Every structure is written in C-alpha cells, then in structure tokens.
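This structure is in structure tokens; I'll ask about it shortly.
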Amino acid sequence: MAPSPTGTLHVGTARAALFNWLVARHSQGTFIVRIDDTDRERSTPEFEEEILGSLRWLGLDWDEGVGVGGPHGTYRQSDRLERYRQVAEELVAAGLAYHDNREPDVLEDLRRRAQKEGKHPGHYIRRPEEPATSGPIRLSVPEDAPVVFEDMVRGTVTFEPQDIDDFVILRSDGTPTYHLASTVDDVDYEISHVARGEDLLPSTPKHILLTRALGASEPVYAHLPLLFGSDGKKLSKRHGATALSEYRDQGYLPEAVFNYLAILGWSPDGETTVFSREEAVAAFDLNDVNKSPAVFDPEKLAWMNGEYVRALEAAKFSRMARPFVEAACGRALSDDEWMRFEEIAHLVQERTRLLPEAGEQVIFLFEDVDEYDEKSWAKVMTKEGVADVLDAGLAVLTGLEHWNTEAIESALRSLPERLEIGAGKVFQPLRISVTGSSVSPPLFESLAALGRIPTLARIERARGLLG
RNA sequence: GGUCCCGUCGUCCAGAGGCCUAGGACGCCGGCCUUUCAAGCCGGAAACGCCGGUUCGAAUCCGGUCGGGACUGCCA
C-alpha cells in the first residue's frame with residue numbers, strides 16, 4: 001500500500017488498501033505501508049497523518065513501513081531521492097536509459113503526429129539520434145517483444161512495444177517520477193504482490209520493463225476494479241463523501257465500512273453479505289475479485305452500518321452515540337441527563353442506522369417541545385375527541401404513585417377500552433404532545449425516561465393549544 | 001484519435017456448458033406483527049446489451065457489434 005499524501009484517504013484508496021491487507025493476512029504475508037511523497041508541491045505531513053489515521057481506524061494494521069519501521073529505512077520516498085537518482089544514472093550508464101533534452105513542443109509534435117496517424121505516442125517518443133547529456137532521463141523501451149503478464153484479477157494482459165513510449169523516469173530537476181520511485185521501491189522492498197486500482201493498468205508494462213532493466217523480476221500484479229459514483233463515473237466529491245474520515249466523523253462504524261468496502265468487488269460466497277474481518281481474511285482470494293467496476297451505494301452502506309449498530313454492546317452503543325446526541329441538542333449533557341438517555345438507549349439502538357439518527361430520536365428528552373411536526377399534528381391532533389383523550393391521559397397519569405414504565409403502561413393501557421376508541425387514537429396524540437412528532441421511541445418508556453413533571457406539562461400544553 | 005480494461009435485476013454479489021422456470025443482499029412495492037417508527041417475518045416486481053458462431057445443449061466458449069470506463073504529463 002503506497003498512498004500519496006496529497007489529500008485525505010479516498011474511499012477508493014481505502015478499498016485498495018483493504019484488499020492488500022486481506023491478501024497479506026490471508027496468506028500470513030507482510031502488509032507494508034509506504035508513502036509516495038515525491039510530489040513535494042502537494043504532499044504534506046498533515047495529509048500523511050490523516051491517511052495513516054484513517055487506515056488505523058479501518059483496522060488495517062501494517063507489519064512494516066511508515067511509523068512501524070522495518071529493514072528498509074523510513075519507507076518514505078522523500079528520504080530516498082538520492083537512491084532513485086542513482087538508479088536512473090546507472091540505467092543511463094548501462095545504455096538502458098538516456099537523457100532527453102528535446103523541447104516540450106517537439107515532443108508535443110511527435111504526440112500529435114501519432115494521434116493524426118491513429119497511432120500510439122509510443123511509436124514516436126523514442127531515443128533521438130543524437131543522445132543528450134542533460135534533460136530528463138527516459139527509459140529505452142525494448143521494441144522486440146510484447147510485455148505480457150498474468151494479472152490476478154484480469155488474467156493475461158498484453159501490451160505491444162509500440163504502444164509504450166520511452167517514459168520519463170527522472171525529471172530534469174533530478175527528482176524521480178512515480179514510475180521510477182514506485183518500481184525501485186517494489187524491488188528494494190522485495191514486494192511480492194501489488195494490488196492497486198485499475199487506473200494503473202496502463203502503467204504496468206512500464207513498471208515491468210523498469211523492473212527488468214533493474215535486473216529484478218516483477219511482482220504479481222492485481223488490478224482492482226474502480227469505484228464509481230451512481231452516474232457511472234469515477235467516484236468523486238460530487239457523489240458525496242469520498243474521504244474515509246468523513247465516514248468516521250459521521251459516526252459510521254469501522255467494521256461496517258470495512259464490510260461494505262470488502263463487498264464491493266468481492267464476496268465470500270455470493271450468499272453472505274454481512275461478515276466479520278476474520279471471515280473475510282479466511283475466505284479472501286484475489287483471484288475471486290470482480291473485473292467490473294462497482295458503484296458505491298451510500299444507501300447500502302447505511303443499511304450495513306445499521307446491522308453493526310444493532311449488534312453493538314449496549315454500553316458501547318451509548319458511548320458512541322453520546323457525541324451525536326449532544327450535537328443534536330447543541331450542548332453537553334449532565335450525568336443525570338445521560339442516565340435518562342440510557343434508560344431508553346436500547347430502544348434507540350434498534351432504530352439507528354447512522355449514529356446521528358440516535359440524537360434526533362431523543363432530543364425530546366433534553367429539549368422542551370415548543371413546536372410540533374406539522375404533518376403529525378395535522379394528521380392526528382385535529383381529529384375529533386383528541387382533547388378528551390389528552391384529558392383522560394392527564395387524569396390517569398397525574399394520579400400515578402410511581403413513575404415508571406410499568407405503572408405508566410398499566411395506566412394508559414386501560415384508556416382505549418374506557419374511551420371506546422382504538423389504541424392508536426389514544427397513544428398517538430400523547431406521543432405528539434410529549435415528543436413533538438408521531439415518530440418516536442416506544443411511548444411508555446419514553447414518558448418514563450422523560451419524567452413526570454415535563455410529561456404532564458407537555459400534555460397540558462398541547463391540550464391548551466386545542467382550545 | 002490511440003492503447004488497454006469492462007459488460008447478469010436500479011445497485012452490490014453468486015453463476016466457471018446441462019443443477020438457471022438465473023440465486024442472495026440493498027433499495028422499491030404489498031402483507032403480517034404493532035401505540036408510531038424501526039427491527040423481524042412472509043410475499044412481489046426487477047437482469048444474462050445486441051448479432052452471429054461452436055455445441056445435442058450457452059449467462060457461461062469464440063467472433064463481431066454496441067455501450068461504458070481508465071490511461072494517453074518532466075501528476076500519482
């Protein structure tokens with residue numbers, strides 16, 4: 001795994017990392033995280049931290065690389081610039097690469113010519129007659145044989161030499177291009193498997209040629225299908241959240257995101273959708289990964305998150321929900337208030353897919369209800385007899401000796417029969433009066449958690465509005 | 001334009017010549033449960049891009065076609 005710290009960790013990159021991790025864990029291999037920061041302009045330490053943090057959050061621990069060390073230094077390309085420059089020069093000395101001092105517009109002409117003739121630029125971007133001693137260094141692409149390789153997800157992939165141009169490996173400022181740096185790293189770090197996005201498939205013959213020029217043999221490649229947005233285009237900002245950290249901040253559970261990402265392009269058997277990390281590790285095989293791109297569906301992720309939220313231990317759910325509840329209320333809650341939440345937390349948990357939803361469900365516990373959901377009011381509170389229901393409710397609740405779920409339930413349960421109306425006709429007006437909406441956690445528990453005084457006050461208030 | 005990759009329900013994933021009247025999941029629709037909403041349960045609509053070929057038999061193999069995508073930089 002070799003992210004570039006030029007931005008936050010993208011979900012597509014996270015998925016590639018996830019697959020790398022699965023391969024390593026499945027085969028008891030070594031999962032390595034290195035940093036591709038040759039783009040000094042855009043790379044920052046902050047992004048690097050963000051990316052590593054996101055990886056850890058997802059649960060992708062690495063055995064070797066940035067932060068944890070290993071036999072190959074810092075695993076940061078910016079610390080190896082000299083190594084890359086040396087390799088490039090050795091290749092020049094060996095006659096396998098050359099300096100190219102042609103002007104950009106000369107090269108541009110060659111490309112245009114190729115395009116005009118319906119050919120690949122590789123036909124013309126070649127070593128010039130007169131070798132230069134300055135300028136960027138290009139690799140000399142051997143023109144005698146096609147580059148063929150077995151991709152673990154694509155199968156056999158073939159590139160003709162004319163379709164590969166003599167690409168730049170060392171820029172004129174002496175810094176390596178991505179191709180050089182990443183290939184040298186693969187060789188130096190003895191990488192056995194490279195699983196990366198399909199967008200790098202066209203670069204792979206270059207990497208293979210470079211690897212061979214270095215006298216090494218290439219790793220096994222696996223090019224993962226890309227992630228698309230709902231419009232079938234490469235996933236980007238306009239499709240919603242693309243940074244993994246946004247999901248963390250919005251209260252998604254890492255296990256759920258892990259599971260969802262894993263199922264994009266792979267499945268253990270075609271029947272199972274929800275599975276643990278361990279099950280994924282046990283079943284994973286790069287050969288089983290799909291070839292076709294996958295559309296990232298936030299709806300299914302939300303559902304999946306709900307599966308994991310419901311499976312959470314009660315205490316853990318409360319702990320995780322707290323910041324979202326407080327955010328919904330706009331203030332921190334006292335321990336006393338928090339105990340009231342915990343009374344109905346298990347009921348909230350069942351109704352939560354995304355943690356922020358937990359907050360919305362319990363605002364009524366902590367904030368007074370001074371306006372009501374318009375639709376709910378219109379549908380329920382304007383009906384005949386609602387005032388009588390509230391009066392009756394008020395009467396039985398006021399007389400309660402103990403204020404708890406059981407007492408409230410037994411008091412209210414008798415009302416429908418006594419008033420000779422349906423249960424819903426009794427409970428919905430009370431629900432709206434107390435919570436402000438016709439949708440809420442179960443009524444008796446809600447009233448119990450809210451407390452006697454506020455409950456009665458709210459019913460009275462709603463009763464007053466009915467005139 | 002060129003090179004390469006891809007093509008099963010709206011979406012994700014099964015299917016590696018007969019087990020397919022194509023299976024599972026999300027979403028959607030209907031029902032049950034129920035004081036609401038969820039959850040759960042039951043049921044439903046929904047796909048092999050198209051055309052040829054190989055074969056007794058093709059979603060599965062081959063060719064073509066159409067469609068989509070990636071790449072095409074001294075970015076990664």
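Naming: A, B, ... by sequence-line order, numbering from 1 per chain. Values below: every heavy atom of this structure, side chains too, minus hydrogens, waters and symmetry copies. Treat the numbers as computed from the prediction; the structure is a model and nothing was measured.
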Exercise. Across the strands shown, which category fits A:Phe167 at heavy-atom distances under 4.0 angstrom: base, sugar-phosphate, nothing?
Worked result: nothing
Problem set entry | Between CG on residue A:Asn305 and CZ on residue A:Arg353, distance to nearest 0.5 Å | 9.0 Å
Exercise. Considering only B:A25, B:U36, B:G24, which nucleotide approaches the side chain of A:Lys300 most closely?
Worked result: B:A25
Seminar exercise, completed: Exactly one of A:Asp199, A:Val289, A:Val153, A:Leu200 clears side-chain contact (heavy atoms from CB on, under 4.5 Å) with A:His223, and that residue is A:Leu200
Exercise. Looking across every strand, which nucleic acid part, if any, lies under 4.0 Å from A:Gly265 by heavy atom: base, sugar-phosphate, or nothing?
Worked result: sugar-phosphate
For this session: Assign A:Glu299 to base, sugar-phosphate, or nothing according to its heavy-atom contacts below 4.0 angstrom with the strands shown.
Result: sugar-phosphate
For this session: Can you see which heavy atom on A:Val309 is nearest to which on A:Leu253, and at what distance?
Result: N-CD1, 3.7 Å
Exercise. With a non-hydrogen cut-off below 4.0 angstrom, is A:Lys234 in contact with a base, only sugar-phosphate, or nothing?
Worked result: sugar-phosphate
For this session: Could you tell me whether A:His223 contacts a base, only the sugar-phosphate backbone, or nothing, with contacts defined as non-hydrogen atoms closer than 4.0 Å?
Result: nothing
Problem set entry | Whole-Å gap separating P (B:A38) and CG (A:Leu354) | 14 Å
Exercise. Base, sugar-phosphate, or nothing: which does A:Asp288 touch, judged by heavy atoms less than 4.0 Å apart?
Worked result: sugar-phosphate
For this session: Have a look at A:Phe228 and say if it touches a base, only the backbone sugar-phosphate, or nothing, with a 4.0 Å heavy-atom cut-off.
Result: sugar-phosphate
Problem set entry | Pairing nucleotide - B:G63, Watson-Crick or G-U, each distance under 3.5 Å | B:C51
Problem set entry | Verdict with supporting geometry, A:Thr211 and A:Glu218, side chain to side chain donor-acceptor pair (under 3.5 Å) | CA-CA 6 Å; A:Thr211 305; A:Glu218 64 266 23; 5.9 Å; no
For this session: Once you apply the 3.5 Å cut-off to both distances, tell me the Watson-Crick or G-U wobble partner of B:A46, or none.
Result: none
For this session: Could you tell me whether A:Leu107 contacts a base, only the sugar-phosphate backbone, or nothing, with contacts defined as non-hydrogen atoms closer than 4.0 Å?
Result: nothing
Problem set entry | Nearest-nucleotide pick for A:Asn290, side chain only, options being B:U36, B:C13, B:C74 | B:C13
Exercise. NA contact type, A:Ser438, heavy-atom cut-off 4.0 Å: base, sugar-phosphate, or nothing?
Worked result: base
Problem set entry | Donor-acceptor pair (no angle test) under 3.5 Å: A:Arg154 side chain, B:C5 base | no
For this session: Please evaluate the base of B:C37 for a donor-acceptor partner in the side chain of A:Ser440 within a cut-off of under 3.5 Å?
Result: no
Exercise. Checking all strands, does A:Pro442 fall into the base, sugar-phosphate, or nothing category for heavy-atom contacts under 4.0 angstrom?
Worked result: base
Exercise. Which whole-number value in Å describes the distance from A:Asp269 CG to B:C13 C1'?
Worked result: 9 Å
For this session: Could you tell me whether A:Pro293 contacts a base, only the sugar-phosphate backbone, or nothing, with contacts defined as non-hydrogen atoms closer than 4.0 Å?
Result: sugar-phosphate
Exercise. Contact class for A:Asp165 vs. all strands (heavy atom < 4.0 Å): base, sugar-phosphate, or nothing?
Worked result: nothing
Exercise. Aromatic ring centroids of A:Phe341 and A:Phe366 under 6.0 Å?
Worked result: no
For this session: Pick out which of A:Asp165, A:Asp166, A:Asp100 makes a salt bridge (Lys or Arg N to Asp or Glu O under 4.0 Å) with A:Arg126.
Result: A:Asp166
For this session: Looking at every strand, decide which applies to A:Ser4 at a 4.0 Å heavy-atom threshold: base, sugar-phosphate, or nothing.
Result: sugar-phosphate
For this session: Just call it for A:Thr38: base, sugar-phosphate, or nothing, with non-hydrogen atoms closer than 4.0 Å on any strand.
Result: sugar-phosphate
